[in-house]
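Have a look at the structure below before the remarks.
If you're wondering where the values come from, they're calculated on a predicted model, not measured in any experiment.
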Amino acid sequence: MSENDKIKQAANELSSACDCDVMIINGDIYPPLQDMVIREIRNRKNKKKALVFLLATPGGLADSAYRISRAIQDNYEYASAIVSGWCKSAGTLCVIGANEVVMNDEAELGPLDVQIARKDELGERDSGLVLSEALSNLEHHAFSLFENFFLQIKTRSDGAITFKTATEISAQVTNGLFEPIYKQIDPNKIGEAARSLAIAEAYGSRLNVLGKNLKNSALHNLTVGYPSHGFVIDRREAGELFRKVREPNQHEVALIKVLGPIAGHPGSDPLVCYLNSEEKVHEAGSKDSDKQVAKEKAVRKPNANGVRGEPSGNPTT
């Protein structure tokens, strides 16, 4: 049996056991991946009511993540997101739209921060949390330095220097040290970072209306509650954020195993496809309908009295 056949078999077994469609989404979350997901769902004629999708991504654009998750919500009544490896940044936004999160021991989500284009760097992007964390650290160090200067002046002067004078001296020294650093910060960059984080939170809030899987304050924590873009949110940590988080069942484990690296490691080329066979529901229904029509059109044979009786079962030509 080929690898593709093994994958198809495992996906069909999961589909049969859970009465769901099975899809894999692998790659950077940008418009090309977004379009592939929307097109794949649109072309699926006989959809089930539930979808299990395996997601592996380093992140990307919040807009594309929102469109992907919305497409899933618009076409399925229930969705389970399986994370068996990397699902960072905008990938977490896709997971928010699902009704439950399935994570194995290798799985990790990431904070819900949006990537901002780096000036004069083609294709390079920074995390929206970087500037926020930098400003927070500068504020902390500036205050600590001011406080230290103030206390040292008051203590060493043995009360000879007044509170007002000590404050002014400390402020001047602190300002002189930090002013060159703050001058390098672009106010537009600060606004862009704040706006990007607000966008991520707004998208997450809208997706959770149907997903209903986020706990209170979880969305705020995902946007600003973690110190770095690469912070690991494993299954235990995810349990503090989502209402429904579980380990994969035996059918899901089997599928992850046969898929291999593509189940949890983002590839260089986007990959989106249904893994289970599409049932021919409409075709089967059409055949049954044709049989019924033929039966109803069957000519009744006349009896001895010339009165038509029971159907003969043989339509006339």
Side-chain angles (χ1 to χ4, degrees), residues 4-5 7-84 87 89-102 114 199-200 202-213 251-252 255-256 259 262-263 266-287 289:
N4 287 338
D5 290 337
I7 292 173
K8 180 72 72 175
Q9 180 179 345
N12 286 337
E13 289 177 356
L14 172 58
S15 174
S16 178
C18 301
D19 193 22
C20 63
D21 282 329
V22 183
M23 175 184 283
I24 184 168
I25 304 173
N26 183 302
D28 294 353
I29 299 180
Y30 290 112
L33 187 77
Q34 160 198 317
D35 294 341
M36 289 174 68
V37 172
I38 294 174
R39 184 167 56 250
E40 190 77 5
I41 293 177
R42 183 178 62 238
N43 293 337
R44 187 80 164 185
K45 291 181 170 52
N46 301 315
K47 303 181 187 71
K48 294 180 178 291
K49 293 183 178 181
L51 174 70
V52 170
F53 65 98
L54 295 91
L55 180 60
T57 178
L61 297 178
D63 297 342
S64 294
Y66 179 73
R67 291 293 307 277
I68 290 171
S69 196
R70 266 288 197 241
I72 292 172
Q73 289 184 338
D74 289 344
N75 288 275
Y76 290 93
E77 296 179 11
Y78 193 90
S80 299
I82 297 181
V83 182
S84 62
C87 183
S89 189
T92 305
L93 192 59
C94 292
V95 171
I96 288 176
N99 302 97
E100 68 171 347
V101 185
V102 182
V114 180
I199 289 172
Y203 279 152
S205 177
R206 284 161 174 75
L207 291 175
N208 192 51
V209 171
L210 290 180
K212 298 179 180 179
N213 197 25
H251 298 289
E252 293 161 345
L255 179 59
I256 292 171
L259 281 171
I262 64 171
S268 56
D269 296 322
L271 170 65
V272 177
C273 66
Y274 281 101
L275 299 177
N276 65 303
S277 302
E278 184 174 6
E279 295 181 0
K280 307 296 183 180
V281 177
H282 294 310
E283 290 186 11
S286 177
K287 290 179 181 178
S289 177

Next item on the list: Report yes if the side chains of Leu61 and Pro31 come closer than 4.5 Å at any heavy-atom pair, otherwise no.
Entry: yes
Notebook entry, point to check: CG of Asn276 to SG of Cys20: how many Å apart, nearest 0.5 Å?
Noted result: 7.0 Å
Note to self: Show, in sequence, the C-alpha distance, side-chain angles and deciding distance for Glu278 and Lys47, and conclude whether the salt bridge (Lys or Arg N to Asp or Glu O under 4.0 Å) test is met.
What the structure shows: CA-CA 8 Å; Glu278 184 174 6; Lys47 303 181 187 71; over 6 Å; no
Margin query: Looking at every non-hydrogen atom in both residues, tell me the closest pair between Cys273 and Glu40 and how far apart they are.
Written below: CA-OE2, 3.5 Å
Notebook entry, point to check: What are the two closest non-hydrogen atoms of Ala90 and Ala62, and how far apart are they?
Noted result: CB-N, 4.4 Å
Next item on the list: Calculate, to the nearest 0.5 Å, the distance between atoms CG and CD1 belonging to Asn12 and Ile7 respectively.
Entry: 12.0 Å
Next item on the list: Considering non-hydrogen atoms only, spot the tightest contact between Ile24 and Leu275 and give its length.
Entry: CG2-CD2, 4.0 Å
Check: For the residue pair Asp28 and Thr57, what are the closest heavy atoms and their distance?
Finding: CA-OG1, 4.0 Å
Notebook entry, point to check: About how many Å separate CZ of Phe53 and CD1 of Ile68, when rounded to the nearest 0.5 Å?
Noted result: 9.0 Å
Checklist line | Among Ile262, Ile25, Leu255, the one residue meeting side-chain contact (heavy atoms from CB on, under 4.5 Å) with Leu54 | finding: Leu255
Note to self: Which label fits Tyr76 and Tyr274: parallel for a plane angle under 30°, tilted from 30 to 60°, or perpendicular past 60°?
What the structure shows: tilted
Notebook entry, point to check: Out of curiosity, Tyr66 OH to Gln73 CD, how far, rounded to the nearest 0.5 Å?
Noted result: 8.0 Å
Margin query: Testing the basics here: between Cys94 and Ile29, what is the closest heavy-atom pair and its distance to 0.1 Å?
Written below: SG-CD1, 3.9 Å
Next item on the list: Give the intermediate values and the outcome of side-chain contact (heavy atoms from CB on, under 4.5 Å) for residues Ser64 and Leu33.
Entry: CA-CA 8 Å; Ser64 294; Leu33 187 77; over 6 Å; no
Next item on the list: Find out whether Leu55 and Ile82 are in side-chain contact, i.e. whether some heavy atom of one side chain is under 4.5 Å from a heavy atom of the other.
Entry: no
Margin query: Taking atom CZ as the centre, does Arg206 end up with more than 12 heavy-atom neighbours from other residues, nucleotides or ligands that are less than 6.0 angstrom away?
Written below: no
Item checked: Test item: Asn26 side-chain N/O and Leu271 main-chain N/O as donor-acceptor pair under 3.5 Å -> no
Note to self: How long is the straight-line distance from OG of Ser84 back to CD of Glu252, given to the nearest 0.5 Å?
What the structure shows: 10.5 Å
Note to self: As a quick check of understanding, evaluate side-chain contact (heavy atoms from CB on, under 4.5 Å) for Lys212 and Asn99, giving each step before the final call.
What the structure shows: CA-CA 6 Å; Lys212 298 179 180 179; Asn99 302 97; 5.7 Å; no
Item checked: Pair Ile38-Arg42, side-chain contact (heavy atoms from CB on, under 4.5 Å): steps then yes or no -> CA-CA 6 Å; Ile38 294 174; Arg42 183 178 62 238; 3.9 Å; yes
Notebook entry, point to check: Do NZ/NE/NH1/NH2 and the carboxylate oxygens of Asp21 and Arg44 come within less than 4.0 Å?
Noted result: yes
Checklist line | Inter-residue atom distance Ile72.CD1 - Leu210.CG, 0.5 Å rounding | finding: 12.5 Å
Notebook entry, point to check: Checking side-chain contact (heavy atoms from CB on, under 4.5 Å) for the pair Ser277/Lys8: CA distance, chi angles, key distance, verdict?
Noted result: CA-CA 7 Å; Ser277 302; Lys8 180 72 72 175; 3.4 Å; yes
Note to self: Any salt bridge linking Asp19 with Lys49? Criterion: basic side-chain nitrogen under 4.0 Å from a carboxylate oxygen.
What the structure shows: no
Checklist line | Non-hydrogen side-chain atoms of Met23 and Leu51 separated by less than 4.5 Å | finding: yes
Note to self: When you compare the side chains of Asn208 and Asn213, does any donor N or O come within less than 3.5 Å of an acceptor on the partner?
What the structure shows: no
Check: How far apart are the closest heavy atoms of Asp63 and Tyr203, and which atoms are they?
Finding: OD1-OH, 2.8 Å
